Enquirer: 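Handing you this structure, nothing more for now.
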Protein chains: 2
Amino acid sequence: MSEKPLPVTVLDEHTAAHVAELFRAFSDTSRVRILFALTTQELNVNVLAEMVGISESAVSHHLRGLRQMKLVVARREGKEVFYHIEDNHIISLFGEGVKHVRYG
Amino acid sequence: MSEKPLPVTVLDEHTAAHVAELFRAFSDTSRVRILFALTTQELNVNVLAEMVGISESAVSHHLRGLRQMKLVVARREGKEVFYHIEDNHIISLFGEGVKHVRYG
DNA sequence: TATACATATGAACATATACTCAGGTGTTTA
DNA sequence: TAAACACCTGAGTATATGTTCATATGTATA
C-alpha cells in the first residue's frame with residue numbers, strides 16, 4: 001500500500017515576492033541594529049545614527065524604506081523625529097530571528 | 001517625578017550581521033518559493049526547479065547557500081538529491097513571515 | 001528675519017546578488 | 001564501459017543595494 005503523496009503546494013509568485021520583501025527589510029546589519037533598538041523604545045534619527053555607527057543620512061534612508069513598508073512609524077516632536085515599531089507581530093517575528101541566532 | 005529612561009540596548013555588530021544573514025536567506029522570491037515547498041515535504045532539485053520556474057542550476061545555487069547556512073539538509077537517493085528543512089524553529093520563523101503577508 | 005539645528009532627499013559609486021551558460025562530478029543502466 | 005541522467009560549480013553579466021556627499025526641507029530660537 002503506497003503513501004498518498006502530499007499535494008505539492010507552490011506559493012504564488014506575488015505572495016512570495018511580498019514575503020521576500022518583508023524579510024529583506026531585516027536582511028541588512030545596520031537595519032537589524034536600528035530595528036532591534038526600536039523594539040524596546042522610541043528613538044530619534046540622531047541617536048540611532050550614533051548607536052549604529054553610520055551617518056544620519058544613511059539612517060534616514062533606511063528609515064524611509066522601513067516607513068514605506070509600514071514597519072516603523074514616525075512622530076515629529078519639534079525639530080526631532082522619533083521612530084517606533086507599532087506592529088507587535090513584526091516585533092515578535094524579528095525577535096524570533098534574533099533568538100535563533102543567539103540561542104541556536 | 002521623571003520616568004527612568006530605558007537603557008539603550010545596542011545589538012552588537014557581530015550578532016546583527018548574523019541576524020541579517022539569516023533573514024537574507026528568506027529575502028529572495030525564488031528562495032521563498034523553494035523554502036515554502038520544503039516546509040511541507042522533501043523534494044528534489046528537478047521538481048523544485050519546475051515549481052519555481054527557474055533553471056535547475058539556479059535552484060542548485062540557492063540550495064548551496066541554504067545548505068551552508070544549515071537551513072536545508074540534502075539526502076542523496078540514487079541520482080537524485082532530496083532536500084528538506086530539519087529545524088522546526090526555522091519552519092515556524094519562515095511561516096510567521098508568510099502569515100504576516102497573507103493575513104496582515 | 002536670519003541662523004542654527006534635525007532630518008530628508010537625489011545623485012553617484014562601489015559592492016553584492018541572482019541568473020545563465022558551459023562544463024564538471026556522481027550514479028545508474030544499456 | 002559507454003551513455004544517459006541528475007545535480008553541482010565557476011565565470012560572466014545585469015541589476016539591486018547601502019553608503020556618502022551635497023543640498024533641500026522643516027522647525028526652533030536669537
Side-chain angles (χ1 to χ4, degrees), chain A residues 8 11 13 16-38 42-84, chain B residues 8 11 13-14 16-38 41-84:
Chain A
V8 179
L11 192 61
E13 186 160 1
H18 276 84
V19 173
E21 188 189 18
L22 171 62
F23 283 124
R24 199 177 301 119
F26 305 156
S27 75
D28 172 78
T29 304
S30 298
R31 273 197 303 278
V32 165
R33 298 181 89 193
I34 289 170
L35 288 165
F36 183 82
L38 295 179
E42 195 184 46
L43 293 166
N44 67 18
V45 178
N46 170 57
V47 168
L48 285 169
E50 284 186 358
M51 289 176 62
V52 177
I54 60 177
S55 69
E56 291 183 17
S57 173
V59 170
S60 198
H61 278 295
H62 284 302
L63 290 169
R64 169 166 50 169
L66 295 172
R67 234 187 303 133
Q68 284 169 349
M69 293 185 64
K70 302 196 188 303
L71 297 180
V72 300
V73 177
R75 181 181 65 86
R76 182 175 275 277
E77 189 177 317
K79 285 183 285 196
E80 298 164 80
V81 177
F82 288 87
Y83 282 86
H84 68 282
Chain B
V8 177
L11 191 62
E13 187 160 358
H14 184 254
H18 276 82
V19 174
E21 188 189 19
L22 171 62
F23 283 123
R24 199 177 303 121
F26 306 155
S27 75
D28 173 78
T29 304
S30 296
R31 275 198 300 281
V32 165
R33 299 180 90 192
I34 289 170
L35 287 165
F36 183 82
L38 294 179
Q41 62 201 304
E42 195 182 46
L43 292 166
N44 67 19
V45 178
N46 170 58
V47 168
L48 285 169
E50 283 186 0
M51 287 176 65
V52 177
I54 60 177
S55 68
E56 290 184 17
S57 172
V59 171
S60 200
H61 278 295
H62 284 301
L63 290 171
R64 168 164 54 169
L66 296 172
R67 234 186 303 134
Q68 285 169 349
M69 294 185 65
K70 304 196 188 300
L71 297 179
V72 300
V73 177
R75 179 182 66 85
R76 182 176 273 279
E77 190 178 314
K79 287 183 284 194
E80 297 165 80
V81 178
F82 288 87
Y83 284 86
H84 68 280

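A quick note: this is a predicted structure, and the numbers were derived from the prediction, not measured. Naming: A, B, ... by sequence-line order, numbering from 1 per chain.
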Enquirer: Rounded to the Å, how far apart are B:Leu43 CG and D:dC7 P?
Expert: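 Spelled out: CG on B:Leu43 to P on D:dC7 is 11 Å.
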Enquirer: A:Gln68 CD to C:dT9 C1': how many Å, rounded?
Expert: 12 Å
Enquirer: Once you round it to whole Å, what is the distance between C1' of C:dA18 and CD of A:Glu13?
Expert: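 In whole Å, C:dA18 C1' lies 14 Å from A:Glu13 CD.
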Enquirer: With stacking defined as ring centroids separated by under 5.5 Å and planes differing by under 30°, is A:His61 stacked against C:dT9?
Expert: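 Stacking is present between C:dT9 and A:His61, given that their ring centres fall under 5.5 Å apart and the planes under 30°.
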Enquirer: Is it the case that the side chain of B:Arg64 and the backbone of B:Leu66 share a donor-acceptor pair, with hydrogens and angles ignored and the cut-off at 3.5 Å?
Expert: no
Enquirer: Can you tell me how far CG of B:Leu43 sits from CD1 of B:Ile34, rounded to the nearest 0.5 angstrom?
Expert: 10.5 Å
Enquirer: Can you measure B:Leu66 atom CG to C:dA18 atom C1' for me and round it to whole angstrom units?
Expert: 13 Å
Enquirer: Does anything in residues 19-34 of chain A reach DNA chain D, meaning a heavy atom under 4.0 Å, and if so which residues?
Expert: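 Listed by number, they are A:Arg24, A:Asp28, A:Ser30, A:Arg31.
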Enquirer: Which pair of heavy atoms, one from B:Arg67 and one from B:Ser60, lies closest together, and at what distance?
Expert: NH2-O, 4.4 Å
Enquirer: Provide, to the nearest angstrom, the distance between the CG atom belonging to B:Leu48 and the C1' atom belonging to D:dA6.
Expert: 13 Å
Enquirer: Is any side-chain heavy atom of B:Leu11 closer than 4.5 Å to one of A:Leu35?
Expert: no
Enquirer: Rounded off to whole Å, could you give me the CZ-to-C1' distance for the A:Arg75 and D:dG26 pair?
Expert: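 Going from A:Arg75 (CZ) to D:dG26 (C1'), I get 16 Å.
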Enquirer: side-chain contact (heavy atoms from CB on, under 4.5 Å) between A:Arg24 and A:Ser27: does it pass, once the steps are laid out?
Expert: CA-CA 5 Å; A:Arg24 199 177 301 119; A:Ser27 75; 3.7 Å; yes
Enquirer: Treating B:Arg31 as the side-chain partner and A:Ala20 as the backbone partner, does any N or O pair qualify as donor plus acceptor under 3.5 Å?
Expert: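 Between the backbone of A:Ala20 and the side chain of B:Arg31 there is no qualifying donor-acceptor contact (under 3.5 Å).
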Enquirer: D:dC7 base to B:Ser57 side chain: any donor-acceptor pair below 3.5 Å?
Expert: no
Enquirer: From A:Leu63 CG over to A:Gln68 CD, what is the distance, rounded to the nearest 0.5 angstrom?
Expert: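 Going from CG on A:Leu63 over to CD on A:Gln68, the span is 11.0 Å.
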Enquirer: Any side-chain N or O of A:Ser55 below 4.0 angstrom from OP1/OP2 of D:dT20?
Expert: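 A:Ser55 to D:dT20 OP1/OP2: side-chain N or O found under 4.0 Å.
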Enquirer: Which is more 5' along DNA chain D, the nucleotide nearest B:Arg64 or the one nearest B:Glu56? Just name the residue.
Expert: B:Glu56
Enquirer: Residues of residues 76-84 of chain B with any non-hydrogen atom less than 4.0 angstrom from an atom of DNA chain D: list those, numerically ordered, please.
Expert: B:Lys79, B:Glu80, B:Val81, B:Tyr83
Enquirer: Let me know the distance between CG of B:Asn46 and P of D:dC8, rounded to the nearest Å.
Expert: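 The answer, rounded to whole Å, is 12 Å.
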Enquirer: Indicate the atoms forming the closest heavy-atom contact of B:Val81 with B:Ala74, along with that distance.
Expert: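 Closest approach of B:Val81 to B:Ala74, heavy atoms only: CG1-CB, 3.8 Å.
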Enquirer: Which atoms form the tightest heavy-atom contact between B:Tyr83 and B:Leu38, and what is the distance?
Expert: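 Scanning both residues, the minimum pair turns out to be O-CD2, 3.3 Å.
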